[in-house]
Each structure stands twice: as structure tokens, then as C-alpha cells.
Amino acid sequence: MVRASNAIDDVCEALNRRNPGESEFLQAAGEVLERLEPLLDRQPELASHGLLLRLCEPERQIIFRVPWQDDRGEVHVNRGFRVEFNSALGPYKGGLRFDPDLDLSTVKFLAFEQTFKNALTGLSIGGAKGGADFDPKGRSEGEVMRFCQSFMTELLRHLGEQTDVPAGDIGVGTREIGWLFGQYKRITNRYESGVLTGKGLNWGGSPGREQATGQGVVLFLQRMLEHAGSSAEGRTAVVSGSGNVALHAIEQLGRLGVTVVACSDSDGVVVDRDGIDVDLLRRVKEVDRDRLTAYAAGRPRAEHRPGGNIWDVPCELALPCATQNELTGTDAKALVANGCIAVAEGANMPSTPDAVGVFEAAGTSFAPGKAANAGGVAVSALEMQQNAMRASWTLADVEERLASIMDAIHDECARTAEEFDRPGDYVAGANIAGFRRVAEAMSALGII
Ligand code: NDP
């Protein structure tokens, strides 16, 4: 019998050899694999038939040209990606990201993470991710629309309600999903609502989808604090980012009586000790599509710190909701020194492995993104169910389902961590529970 630790080492070595330079993908894969030893010691069959190697290789990777013309008629060429990582549990599902730094390594890491996140929801969805190295910042509506149309013209041949169902992510919100869906409908001549999620409410979207990720992170955090005999009420928090996830996390924290004293964007940090004003933030970011300097201008007591580090702002709760590897070991030490008791990841893999190690050593409660931010994809799956039934549920219905899904994910992670003698270790709990569900399905489906 091959020892679990040897099987894991062999796979890590093969991944390093086969994916040179793909640092984010290797980081994400390493984080999952290194937590699996206790499970594979008990269930060695989950590592047989090359399962680990198969699990770490995407089922399909699509890279394509996206040509488009700007408002002056100049031609630009971007690169589009879709990584369909794993469909053992259901059709591929995962967002699209428009970000000038996007490359295959980032899309692969996101698709890999998505596979386990989707498994944790308990719903029948596989994992994928995609996007383009397109920068929507500073582009007119017409330019972004033409880009979306060109992107979808190529991507659509890979999509389908039973095949692959994208949603939004960084740089892709309801507006972009509308233009993508419009082009899909135009070319296929089919009103196939279930082919994209994150749609507008009057054309097939689900109430509650827009806020689901941010809300879900806070629901998870609340449950985790309760589990540790604590609570969120009356505490202070910082939330990085000011996009979809951050905005709705801030709003939900406010409902719990938490004061959010800082948020950020890629230019800097705004510190508002009176508590971030969500209505103003929403207007600045979603309506005016402006920067946080405009927020600070509307709040005389708020301070804008260009290039500042949000993790230096003292708080009891920290929610990284911007991007990957935004919270380093040094940042984690600053948070712990300033009295932070809990961290919940709204973004995907925002904490570096060093940072996770600091939180573990300090006994800081830590909710990893693949569990804590699963609310968005869970409600996307509910949107698919409504589309399939040609039904529309109420906001109250969806919120109730979201709350029970987040509770179930929390409890499964906590229970699994305890089962493997790691009480309170949500990283181990999430990785083992997510992996086990995918691996058992893969075993049942044969060597494919
Ligand atoms: P948005 O595009 O709506 O917002 C991203 C926010 O992060 C913006 O405020 C952006 O600022 C900021 N940001 C980006 N890079 C940096 C940086 N280096 N430092 C500080 N701020 C930065 O994206 P989402 O809110 O949708 O996504 C945020 C994260 O959550 C991503 O990791 C995404 O994968 C994850 N996620 C999203 C889900 C969803 O449903 N949308 C579901 C699950 C996870 P600026 O405007 O200046 O670029």
C-alpha cells in the first residue's frame, strides 16, 4: 500500500514539473493536497487509479482570441480563457473575470478552488472559471459591450445549461452578464436563461444573487463566532475591496451591529471611524463607477489613504474581499497584534500560506474562501433551478435557502475538522469535506 504522504508528495512533484511558473495554481493545489493526508490514511481508495493526478488536471482548457474595436475604431486583441476543471458533480459552474493581469495560472487556480467550493454547497455543480485579460476601467459602455459581444461569440460554443454555466466575478457584474447573454441569445436564437447566472431580475435572474456572496461570508462568520462561543455584535471590522462582495458584506455586517471602519480599492484605503456609509459607497461604486476619493469627499470625517494598507487599521474582524494573495504574513501579524479575533475570506485565496500560518498559530478563527464565499455560487445554482422550472422565488425564499446552505457548509467544515482531530481548523475541514465529495463521485464514474 502506498502511504498517503508519499502519494501526495508524488502528485505535488508532478504538478510542479507539469505546470512551471503557474504559482497561484500550484499554491491552491498545494493547500488542498497538504490537508488530505489524514483522510487518505483512512480511505486510501480515494487516491487510487491516479485520482489525485486526474483531479489536479483540468478536464478542458480553452484559450481564445477576442478582437474588438474601441470608440476611435482602433482594433485591440485580448485573450479569453475558460478552464473547465471538473464535472464529476454536475455541469461546470464558475465566474468570468475581466482583469488586465489575468493569465492561465490565475484562471486555473480559481477553477480548481471552485470545484471544491461548489462541492461544499451540496448542489450538483462542477467547477470552472474564465475571463479575459481585458481592463474595463476607463472604457466607455460601448467599448465594454463590444468586448462582451466578441468574447461571447467565441465562448458560446462551449456553454450550455447542462454543460457549462458562467457567472460574474471581478470586473463582470449584471451589466456585463446582460451583454453576454444578449449576444448568446442573438447568435443561438434561443432564450436559454440557464446558460448564465447573475442575470437581471426581469430577464431570468434570481432575487438575492447580487448580494449572496457578501451576505454569505457574514453568515458564515457569524456561525463560526457562535461556534467558538463568541458573537459579532458591537465589534469593529475592516473589509478590503469595495466591489460586489465587499459592498454586500459591509451591508450585512451593519445589520448585525458591526461597525466597518475601513474599506479599500486598488488605489488606497478609506478609514471612516463612524462606520462606512453603505448608501454612499454604493452610489460612488455602482452608480458613478468612481474611486474611493469620491467617497471620502462625501464624508468629512473619513480619511483617504492613497496606497495605504488596510490590514494596518485596528479591528476585531477582518474580511479580505478584494483579490488573491492580498493579505500577507506581515499583514496577518499586524492584524493579530491589533486584536483581530476572526478572519473570513470573501475573495478567493486572499490570504497567503504565511498569513494562514500566522492565524493558526495565534488561534485566530479563520474561515477560508472556498467555504465562506460559497454563497454566491449557491444562489447561482438556485437561479439555475428557477430557470429550469420557469419559476421565480421571492427574496425571502432565496435568503432563507442561502442561510441554511451557509449553516450547512459551516457545520460540515466544523464537523469534518473534528472528525480528523483538528477542531476549529476550517481550512482542513473545508478541504477534506470538499475533496471527499468530488473524489467519491470521480471514483464512481470510472477512469475518465
Ligand atoms: P469586483 O470587481 O466587484 O470588486 C473587486 C474589488 O476589489 C474592487 O473594489 C477593486 O478595486 C478591489 N481590488 C482589486 N484588486 C485590488 C488590490 N490589489 N488591492 C485592493 N483592492 C483591490 O469583484 P467581486 O467583488 O465580485 O470579487 C472580489 C473577490 O471575491 C474576488 O476574489 C472574486 O473571485 C471573489 N468572489 C466573488 C464572487 C461573486 O459573486 N462576485 C463569488 C465568490 C468569490 P478597483 O475598482 O480599484 O479595481
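Numbers here are sequence positions counted from 1. Atoms within each ligand, like the ligands themselves, are counted from 1 in listed order.
- Contacts of R291 with ligand 1, taken as heavy-atom pairs under 4.0 Å, involve the side chain alone.
- Side chains of R255 and Q252: a donor on one and an acceptor on the other come within 3.5 Å.
- Contacts of K137 with ligand 1, taken as heavy-atom pairs under 4.0 Å, involve the side chain alone.
- Distances between N or O atoms of D169 and those of ligand 1 include at least one value under 3.5 Å.
- Neither the backbone nor the side chain of P350 comes within 4.0 Å of ligand 1, counting heavy atoms alone.
- Between G95, G171, G243, it is G171 that holds the heavy atom closest to atom 2 (O) of ligand 1.
- Across the listed options G268, S242, A372, S242 owns the non-hydrogen atom lying nearest to atom 9 (O) of ligand 1.
- Contact between R209 and ligand 1 is present, with at least one heavy atom of the residue lying under 4.0 Å from the ligand.
- With hydrogens left out, the protein atom closest to atom 45 (P) of ligand 1 is S266 OG, 3.4 Å, a heavy atom.
- The neighbour count for E74 CD, taken as heavy atoms of other residues, nucleotides or ligands under 6.0 Å away, is above 12.
- Counting heavy atoms closer than 4.0 Å to ligand 1, residue E210 contributes nothing at all.
- R282 has a carboxylate O that lies under 4.0 Å from a charged side-chain N of E286, or vice versa, which qualifies the two as a salt bridge.
- Contacts between T213 and ligand 1 below 4.0 angstrom, taking non-hydrogen atoms only, involve the side chain exclusively.
- Atom 25 (O) of ligand 1 has V245 N, 2.9 Å as its closest protein atom, hydrogens excluded (heavy atom only).
- Of all the listed residues (A322, A246, G376), A322 holds the heavy atom that lies closest to atom 7 (O) of ligand 1.
- Once rounded to the nearest 0.5 Å, the distance linking OG1 of T106 with CG of N348 reads 11.5 Å.
- The environment of R390 atom CZ is sparse: at most 12 non-hydrogen atoms of other residues, nucleotides or ligands sit within 6.0 angstrom.
- Between R301 and R273, the closest side-chain pair of non-hydrogen atoms is not below 4.5 Å.
- The side-chain tip of R401 points at the ring of W393 from less than 6.0 angstrom away and within 45° of straight on.
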